[in-house]
2 protein chains.
Amino acid sequence: MRPSIVLFGDSITEQSFQYGGWGASLTDTYSRKADIVIRGYSGYTTRWALLLLHHLFPAGSTTPPVAATVFFGANDAALKGRTSENQHVPLEEYKENLRKIVRHLKECSPAMLIVLITPPPIDEEGRLLDAVSSYGEKAMKLPERTNEAAGDHANGCIEVAKEVGVSSINLWSKMQETEGWQKKFLNDGLHLTPDGNRFVYEEVLKVFNGASLTAPDMPSDFPHHSEIDHHNPEKVFQERGL
Amino acid sequence: MRPSIVLFGDSITEQSFQYGGWGASLTDTYSRKADIVIRGYSGYTTRWALLLLHHLFPAGSTTPPVAATVFFGANDAALKGRTSENQHVPLEEYKENLRKIVRHLKECSPAMLIVLITPPPIDEEGRLLDAVSSYGEKAMKLPERTNEAAGDHANGCIEVAKEVGVSSINLWSKMQETEGWQKKFLNDGLHLTPDGNRFVYEEVLKVFNGASLTAPDMPSDFPHHSEIDHHNPEKVFQERGL
């Protein structure tokens, strides 16, 4: 009975139900209004996301989601010639993959609110420290991701959103407006701290609210308990055709 | 493609995606293995839950949940003659309602893991303080819930679970084994603190694991990124019939 909102993305989406996660916060905000469905795939790029697309968003579904966040790019922007090069997806291909994802979602439902989210900025020092804590002396000497490369993919994401007429969040630039974003928002130079999760949650909520997907204005799936006449509990359900 | 696990209950379930909530923690634990579906209804009793049952668990569904927690009783145990008396459901009716819920769930799917959870213990001092902070001088002078009454309903819940052969968690007695449970686990004498949420999460997980619903042993919905050959990403998907 409730509409669904799908969070489609990589590890930053997959981890969004950890302590203070942005997915959990959205679930709480849309309590009894919409189901938040998590479809996050750690390590995935847009190239591999295309292989999931038709499974996750089957064409012809009678109950397509009312909204979807598409949050890829952090892996696509991994550099060639460094330790995560298998995940590298060149900028133009990344943009074309995003276009294909949007096109498919629109085919599933022209009314779906589609929100492209750019990769977050990269704290290169944080990436190197994380590698040392995992691999010691064998750790990479150069970061596998740079903030500049993430910024190129972020710009590409925003360009595609404008071109195809969907909403977007430039997380890469917005996070960098806050002093000390490197450690405040990122715990290993890439993934989100509780503050970073809060930031993403608030940005997503702004876009949802701006598109009239405002939780307080949406109908609850069943009567509030205060509306139930305890002498005749069936009444309010019958009045609503339940 | 993933199985679903439904959390059916009152406000303690509805609020389970707040910061550190037990529902959010389960979602994270079952990441890419199962979808945690939240069906919590603040203020609801088992009497009103019966009116939702056929909507939430439609008979004849081809994809019934693999597990469901049934977590009612905190409102049923509200006392007659006090401020929440409209929610009071007598013990024998509460037990009969739980039997009806279990019967319906078994009809939906004989294989469903059904877990009855008792109401938590009540910190009566916490309830009175909460009323004063909300209503000042007009606050109730006697708590609308007592630990003893919650205990009676908790015992009734465990009796029904044994009688009908489903799993159960005696939250009422288990929480009271910890020194200082009143403030450690409950923030207003009734609802859960982060520690209380952690407690419920761990108890639910124990039952799920004991019933072979162990997340690490369940298949992931798609290949792990390390299994994807970046020269031929389709290969592993094709091998799995995707």
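Hydrogens, waters and symmetry mates play no part in the numbers below; they use all other heavy atoms, side chains included. Every chain is numbered from 1 and lettered A, B, ... according to where its sequence line falls, protein lines coming before strand lines.
Between B:His88 and A:His230, the closest side-chain pair of non-hydrogen atoms is not below 4.5 Å. Two residues are said to be in side-chain contact when any heavy atoms from C-beta on lie closer than 4.5 Å; A:Tyr44 and B:Pro233 fail this criterion. In this structure, the side chains of A:Ile38 and B:Ser31 stay at 4.5 Å or more apart for every pair of heavy atoms. Residues B:Arg39 and A:Asp35 are in side-chain contact: their nearest non-hydrogen atoms beyond the backbone lie under 4.5 Å apart. With contacts defined as side-chain heavy-atom distances shorter than 4.5 Å, the pair B:Tyr41/A:His225 does not qualify. Within the 4.5 Å cutoff, no side-chain heavy atoms of A:Trp48 are placed close to those of B:Phe222.
Neither the backbone nor the side chain of A:Asn75 comes within contact range of chain B, judged by heavy atoms closer than 4.5 Å. Interface remark: B:Phe237 contributes side-chain atoms only to the contact with chain A (heavy atom separation under 4.5 Å). The contact between B:Leu242 and chain A is made by backbone and side chain atoms together, counting heavy-atom distances below 4.5 Å. Of the atoms belonging to B:Arg47, it is side-chain heavy atoms, and not backbone ones, that fall under 4.5 Å from chain A. Interface remark: A:Asn86 contributes backbone and side-chain atoms alike to the contact with chain B (heavy atom separation under 4.5 Å).
Distance CD/A:Gln18 to OG/B:Ser25: 10.0 Å, rounded to 0.5 Å. Atom OG1 in B:Thr27 sits 5.5 Å away from atom CZ in A:Phe17 (nearest 0.5 Å). Note: A:Glu234 CD to B:Leu51 CG = 5.5 Å, rounded to the nearest 0.5 Å. Of the inter-residue distances, the one linking B:Thr45 atom OG1 with A:Ile228 atom CD1 reads 7.5 Å to the nearest 0.5 angstrom.
Annotation: A:Lys183, atom NZ; neighbour count of heavy atoms from other residues, nucleotides and ligands within 6.0 Å is above 12.
The two residues B:Pro194 and A:Tyr19 have their closest heavy-atom pair at CB-OH, 3.4 Å.
Contact count versus chain B (heavy atoms, under 4.5 Å) is highest, among A:Asp229, A:Leu50, A:Thr29, A:Leu52, for A:Leu52.
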